[in-house]
Amino acid sequence: MRFDVYTPLLVSLLLPLVSPVIGRRMAPALAARVLTSAAVLTAAATTWSLILLTTALLGDVPPVIREAHEDGRPLADPVPEVIGVAACLALAVVARRVQRAVRAERRTRRALRRLCEGHPRDTELVVAACEVPQAFAIPGRPGRILVTSAMLGALAPAERRVLLAHERAHLRHRHGRLVTAVTLAAAADPLLGPVRSAVTFLVERWADEQAATEVGDRGTTARALARAALSTGRAARPACALNFTDRAVTRRIAALQTSPPPYLWSAAAAVLALGALAALFAADATTDLVRLLANALT
Amino acid sequence: MAGTGSRGRAERRSAGELESEVLAALWATERPLTPAEIQTEIGGGLAYNTVHTILKRLYDKGLVLRDADGRRGAYRPAKNAAELTAEAMHEALDRGPDPIAALQQFVSRLSPEEERALRNLFAGGGA
């Protein structure tokens, strides 16, 4: 228990370190999936560890101690009280962060539903008559693709096909769910923030690769991205200025100018093992704690 | 051989996907387009009859209009639903933290030096 319970924390420190490397070297479809799975496992294990550490405070509750001493069994308290209290506070913060993330998610879904109002249900493309070039996928049944008229006007015919193929890939492979999962994981475990950024970037790369396969030309795909990004930069957008200067588009274009990265199955297995390790140790710590409390109480 | 290849590509696209492409093509230009012009625009060996069928379907859904005072047989996009959506986007922005900003956009914003680098790409790659 003394050691097991802290392992998920160690994994949450390790995972952000490996995720940029994995993101650069591995096929985005595989990298996004394994990083998300590992992040969800780790976040669950970390939260569970906090719950265990908080529960260990029970060992300090007077009746438990009295009973233990009456029994003539000295109670070995594996968790210093300070850590128990800190874990309890951390747990409150986690609950608050997850609640806020869930609320933001709901707000976005509501807003997205409103955007599709007035458009026939069986039409994939939802056009917005808007001067700001924008495009995104709206997950759901059926999934929709929202594109503003300014974005459609900025692109050449082949580039429009890239855009549609890219957004379709988001819908087909349920990227919305992956991003929601990793967002909630990062809300529960703030150490996993960099993994979330890696995954949000990777699903874009994944959709780019799909679009390039569908259109059959990596060059056209790169050009579509460049033109869309340049038109976004040109538009005066006082209200909805997104301040992304994370070099994301440039990195995506650069990736399209080389050959697609390989599926590194062994590296993928290693990342998954990291997540599984966190979960295993958390489970082990649970049995330790249960045994300890059972000893104290019987 | 190349012709059959591109034809194959057009046929693999589903009816719904082709509908999106025709609608996108109509929105991309300022002026109404005839089915023949749309056929050229979309390419990929799409049959004229297919374009006609798609336009008819879009017309029945109220997404495109026949250009009454312009050329015969030309189509333009219907603006109603699109304006409603644009309004909803603005409202979502006005109401506080932008829920759309949290979404995965097709492209993100550029920094000035990134913009310069991309312009060079166009100049060199021949867009």
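In this text, all values refer to a predicted model and were calculated from it rather than measured experimentally. Throughout, a chain's letter reflects where its sequence line sits, starting with A, and its residues are numbered from 1.
- Side-chain contact between B:Glu21 and A:Leu164 is present, with heavy atoms from C-beta onward closer than 4.5 Å.
- Between A:Arg160 and B:Glu41 there is a side-chain heavy-atom pair separated by less than 4.5 Å.
- Interface remark: A:Leu146 contributes side-chain atoms only to the contact with chain B (heavy atom separation under 4.5 Å).
- For the options A:Arg168, A:Glu124, A:Glu105, heavy-atom pairs under 4.5 Å to chain B are most numerous at A:Arg168.
- No other option in B:Gly16, B:Ala25, B:Ala117, B:Gly62 has as many heavy-atom pairs under 4.5 Å with chain A as B:Ala25.
- Closest of all the heavy-atom pairs between B:Ser20 and A:Leu125 is O-CD2, 3.4 Å.
- If you tally non-hydrogen atom pairs under 4.5 Å between each of A:Cys130, A:Gly118, A:Pro120 and chain B, the highest count goes to A:Pro120.
- Annotation for A:Glu117 and B:Thr85: closest pair O-OG1, 4.5 Å, computed over non-hydrogen atoms.
- In this structure, chain B has no heavy atom under 4.5 Å from any part of A:Val147.
- Between B:Lys61 and A:Asp122, the closest side-chain pair of non-hydrogen atoms falls below 4.5 Å.
- For the residue pair A:Leu115 and B:Ala88, the shortest heavy atom distance occurs at CD2-CB, 3.6 Å.
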Practice task
Begin with the C-alpha distance, continue with both residues' side-chain angles, and end with the deciding distance and a verdict on side-chain contact (heavy atoms from CB on, under 4.5 Å) for A:Val132 and B:Met89.
Solution key: CA-CA 11 Å; A:Val132 181; B:Met89 282 171 80; over 6 Å; no
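- A:Arg172 CZ: more than 12 foreign heavy atoms inside a 6.0 Å radius.
- Residues A:Leu152 and B:Ala28 approach most closely at O-CB, 3.4 Å, considering heavy atoms.
- Ranked by heavy-atom pairs under 4.5 Å with chain B, the first of A:Leu163, A:Thr148, A:Ile138 is A:Leu163.
- The pair B:Glu114-A:Arg251 fails the salt-bridge criterion, with no side-chain N (NZ, NE, NH1 or NH2) lying under 4.0 Å from an Asp/Glu carboxylate O.
- Nearest heavy atoms, A:Ala224 versus B:Phe106: O-CE2, 4.3 Å.
- Of all heavy-atom pairs between A:Ala129 and B:Ala86, the closest is O-CB, 3.2 Å.
- Between the CG atom in A:Leu225 and the CG atom in B:Leu118 there is a gap of 9.5 Å [rounded to 0.5 Å].
- Residue B:Glu19 touches chain A through its side chain alone, counting heavy-atom pairs closer than 4.5 Å.
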